Amino acid sequence: MNRDGQGYRERVYEIVKQIPSGRVMTYGQIAEILGEGYTPRTVGYVMHAVDKENVPWQRVINSQGKCSTGKLLLPHDIQQRILEDEGIIFTDSGKCDLDVYRWSPAGYEEKKDVSPKLF
DNA sequence: AACTTGACGAGGG
DNA sequence: CCCCTCGCCAAGT
């Protein structure tokens with residue numbers, strides 16, 4: 001299956017490219033879509049060297065609703081600033097509400113518990 | 001081939 | 001809300 005296609009990195013890029021402005025996805029979500037035993041750490045590994053010119057890297061944050069950058073590279077929180085420009089609101093502690101901004105590709109809208117009755 | 005590093009995440013304290 | 005411990009896994013040494 002994995003038609004090589006440069007490997008799983010390409011798949012990560014394709015997923016991130018789909019995230020709309022003003023919305024975000026977590027490393028864990030992406031890892032789950034990759035399946036095949038990939039973990040959030042692996043996604044983070046891919047993102048640290050992502051091509052920032054062609055991929056909206058800023059729309060990937062951690063499961064706490066915070067930006068994982070700003071510790072080393074990038075002064076303070078460039079990532080958060082860009083997301084705020086896209087309309088996302090962050091608390092004083094640098095956290096945004098995932099229940100509001102989290103986005104999922106078609107077919108992965110959360111499994112919730114889709115009541116078998118409705119629909 | 002063994003050991004170390006992370007843009008992670010869930011669980012505890 | 002902050003901090004630490006573990007489990008995970010690809011890459012780099």
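Labels below follow one simple rule: chain letters A, B, ... track the order of the sequence lines, proteins then strands, and each chain is numbered from 1. These numbers come from a predicted model, not from an experiment.
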Other residues, nucleotides, ligands: >12 heavy atoms within 6.0 Å of A:Arg81 CZ: no
Exam field: side chain A:Arg102 to backbone A:Met25, donor-acceptor pair closer than 3.5 Å: no
Audit row: A:Val60, A:Tyr27, side chain to side chain contact (heavy atoms under 4.5 Å, CB included) steps and yes/no: CA-CA 7 Å; A:Val60 182; A:Tyr27 300 91; 3.7 Å; yes
Rounded interatomic separation in angstrom, taking OH from A:Tyr38 and C1' from B:dA7: 19 Å
Spacing of A:His48 atom NE2 relative to B:dT5 atom C1', expressed in whole Å: 10 Å
Short side-chain to backbone donor-acceptor contact, A:Tyr101 and A:Ile89, under 3.5 Å: yes
Under 3.5 Å donor-acceptor, A:Gln58 side chain and A:Gln79 backbone: no
With sequence neighbours excluded, residues passing salt bridge (charged side-chain N to carboxylate O under 4.0 Å, His left out) with A:Glu86: A:Arg59
Length of the line joining A:Met47:CE and B:dT5:C1', which is rounded to integer Å: 18 Å
Separation of B:dA7 C1' from A:Gln80 CD (nearest whole Å): 15 Å
5′-ward residue of the pair A:Tyr45/A:Pro40 relative to DNA chain C: A:Pro40
A:Gln80 and A:Glu84 side chains, donor-acceptor separation under 3.5 Å: yes
Start and end of the DNA chain C segment that chain A contacts, any atom under 4.0 Å from a heavy atom: C:dC1 to C:dG12
A:Gln29 vs A:Tyr108, side chain to side chain contact (heavy atoms under 4.5 Å, CB included): CA-CA, chis, key distance, verdict: CA-CA 9 Å; A:Gln29 270 181 279; A:Tyr108 292 93; over 6 Å; no
Restricting to nitrogen or oxygen on both sides, can you table the protein-nucleotides 10-13 of chain B pairs closer than 3.5 Å?
unit_1 : atom_1 : unit_2  : atom_2 : d
B:dA10 : OP2    : A:Ser63 : OG     : 3.4

